[in-house]
Protein chains: 2
Amino acid sequence: MEHAGPTPRVAAALARLRELGERVTPARRAVLEVVDAADRADEHLTAEQIGARVTRLEPSTHRATLYRALTSLGSAGVLSHIHVGGNATVYHLVGRGGPPLADGPGTAASAPVDRPVHGHVHVRCLSCGRVQDAPADVLAAAADRLRSALGFELDSGQVALPGRCARCRVGRSGSSEATASPGS
Amino acid sequence: MEHAGPTPRVAAALARLRELGERVTPARRAVLEVVDAADRADEHLTAEQIGARVTRLEPSTHRATLYRALTSLGSAGVLSHIHVGGNATVYHLVGRGGPPLADGPGTAASAPVDRPVHGHVHVRCLSCGRVQDAPADVLAAAADRLRSALGFELDSGQVALPGRCARCRVGRSGSSEATASPGS
DNA sequence: CTGCCTGCAAAGGATTTGCACTCAT
DNA sequence: ATGAGTGCAAATCCTTTGCAGGCAG
């Protein structure tokens, strides 16, 4: 029951492809739909996971095609990827405004966001492997500290911070197909 | 002129291996010495880099042996590794008390270390690929924020935050052998 | 039509494993 | 001596690349 029209985000991505002269093929469309669906579930998938789902939508899609699609969609600017610890890369559509976040309760005084860090941050659950978005400013204080202490200019946005997600902290190990790489 | 005795850290690591019934072989000793030397230079090396230097110390050492050594030294608890963005893993000896850090100049008020985060953090330069240690508390504020906003329990320690190191920000692209993976 | 994108297959780099042998203990 | 650790080579895993043909535009 999901063969209705493409979601607005997928439609936008397809439109953009067109503008750039890139072609809209079933493989690319499938990749976008799979990634969009995952995004909607607050998850980000690895090439392998995307491949599995794409194959389900478009059985004829070959591995190589998947990688090439991920690459072209990436340079087309409709898809973005981040490297998560443990040798895996996850993808997500670009253009997510800001993650759903209200300022935390009384978490001490958060550093004054003098110069907001660009891009958004990602966090990855060590239990289920799920990767979610986090507010871009969570690293503002860290950025200041690193700059003053080490002279290091933080450029977050390509890695995911490890930890335990709310879902997994509750009880069940959640996840139904995550590639979770718990151990080392 | 560097064939004096092993540094205390290497000696300690070797001693620990013994305690655990693990054997001390030239390959393992070489790996420890190479990693220790790098640590002393505030750098962390990849398996490939370690391999290159180990081969220089112990020419007979085979690739497979290197990986097995890294693995056993890891489970022996004398070596630790972290995944840096871009599919690379760097190693360092365990047991470093706290990174050499003085409070920076006048870069606004550094976050008061209310509840120190365990383990230490790593930062990786996108220009030269160098990985350095950073004070463990740089992520304290981020941890609080993630907990209150997403219910996510941060567990830093396995990934390196990307950015530009002081050395590279100065001028020259520094580095003489780093595996730096600049681009995406 | 024209050429971008796809499928297939084989290449490539990084890490791992089976096996017999050597050396640390 | 005795088996953990090693060297070598082949096997795996994941991703990329060369080609010829098919479909989008």
Side-chain angles (χ1 to χ4, degrees), chain A residues 6 13-32 45-52 54-55 57-76 78-79 81-91 129 179 181 183-184, chain B residues 6 11 13-32 45-52 54-55 57-76 78-79 81-91 129 179-181 183-184:
Chain A
L14 293 176
R16 180 147 187 192
L17 278 183
R18 283 244 130 104
E19 290 175 40
L20 299 176
E22 290 288 307
R23 291 184 183 176
V24 174
T25 66
R28 293 178 172 186
R29 177 193 299 275
V31 168
L32 290 174
L45 311 176
T46 62
E48 185 180 24
Q49 298 177 311
I50 296 174
V54 164
T55 295
L57 255 60
E58 286 295 330
S60 67
T61 308
H62 191 279
R63 284 185 181 66
T65 300
L66 167 66
Y67 287 108
R68 280 187 283 223
L70 291 175
T71 300
S72 43
L73 292 177
S75 25
V78 300
L79 210 58
H81 65 284
I82 63 172
H83 302 287
V84 305
N87 28 268
T89 300
V90 295
Y91 300 76
T179 308
S181 28
S184 183
Chain B
L14 294 175
R16 180 148 187 192
L17 278 182
R18 284 242 126 109
E19 289 175 38
L20 299 176
E22 289 288 305
R23 293 184 182 176
V24 174
T25 65
R28 293 178 173 187
R29 177 193 300 273
V31 168
L32 291 174
L45 311 176
T46 62
E48 185 179 25
Q49 298 176 310
I50 296 174
V54 164
T55 295
L57 255 61
E58 286 295 329
S60 67
T61 307
H62 191 279
R63 284 186 182 67
T65 299
L66 166 67
Y67 287 109
R68 281 188 283 223
L70 290 175
T71 300
S72 43
L73 292 176
S75 26
V78 301
L79 209 58
H81 65 285
I82 62 173
H83 302 286
V84 306
N87 29 269
T89 301
V90 296
Y91 300 76
T179 308
S181 29
S184 181

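Below, chain A is the first sequence line, B the second, and so on; all start at residue 1.
- Side chain of B:Arg28 to backbone of B:Arg23: a donor-acceptor contact under 3.5 angstrom is found.
- Here A:Thr65 does not reach the OP1 or OP2 of C:dC5: none of its side-chain N or O atoms lies under 4.0 Å away.
- With the nearest nucleotide of DNA chain C identified for both B:Thr89 and A:Glu22, A:Glu22 has the one nearer the 5' end.
- Side-chain contact between B:Leu32 and B:Arg29 is absent, with no heavy atoms from C-beta onward closer than 4.5 Å.
- Between A:Arg28 and the phosphate of C:dC5, there is a side-chain N or O to OP1/OP2 separation shorter than 4.0 Å.
- Atom NE2 in A:His83 sits roughly 14 Å away from atom C1' in D:dC14 (whole-Å rounding).
- Projected onto DNA chain D by closest heavy-atom contact, B:Thr25 and B:Ala64 fall at different nucleotides, the more 5' of which corresponds to B:Thr25.
- Spacing between atom CG of B:Leu20 and atom P of C:dT25 amounts to 13 Å, rounded to whole angstrom units.
- Looking at every heavy atom in both residues, A:Tyr67 comes nearest to A:Ala47 through CE2-CB, 3.8 Å.
- At least one side-chain nitrogen or oxygen of A:Ser60 sits closer than 4.0 Å to the OP1 or OP2 atom of C:dG7.
- In plain terms, the two heavy atoms of B:Val78 and B:Ala13 that are nearest each other are CG1-O, 3.8 Å.
- Residues A:Leu45 and A:Val90 fail the side-chain proximity criterion, which asks for heavy atoms closer than 4.5 Å.
- Between the CD atom of B:Glu58 and the C1' atom of D:dG5 there is a distance of 14 Å, given to the nearest Å.
- Residue B:Ala27 is the one, among B:Ala27 and A:His62, whose nearest nucleotide of DNA chain D lies closer to the 5' end (criterion: closest heavy atom).
- Using a 4.0 Å heavy-atom criterion, one finds that A:Thr61 contacts the sugar-phosphate atoms exclusively.
- Both A:Arg63 and B:Pro26 lie near DNA chain C, and the one whose nearest nucleotide falls closer to the 5' end is A:Arg63.
- One can place CZ of A:Arg23 at 8 Å from C1' of D:dC23, the figure rounded to the nearest angstrom.
- If you take CG of B:Leu14 and P of D:dG5, they are 14 Å apart, rounded to a whole angstrom.
- Rounded to whole angstrom, the span from the CZ atom of B:Arg29 across to the C1' atom of D:dG5 amounts to 15 Å.
- Rounded to an integer number of Å, the gap from NE2 of A:His81 to P of D:dT15 is 11 Å.
- For C:dC5, the base has no donor-acceptor partner in the side chain of A:Arg68 [N/O atoms by modelled type, under 3.5 angstrom].
- Rounded to whole Å, atom P of D:dG25 lies 14 Å from atom CD of A:Glu19.
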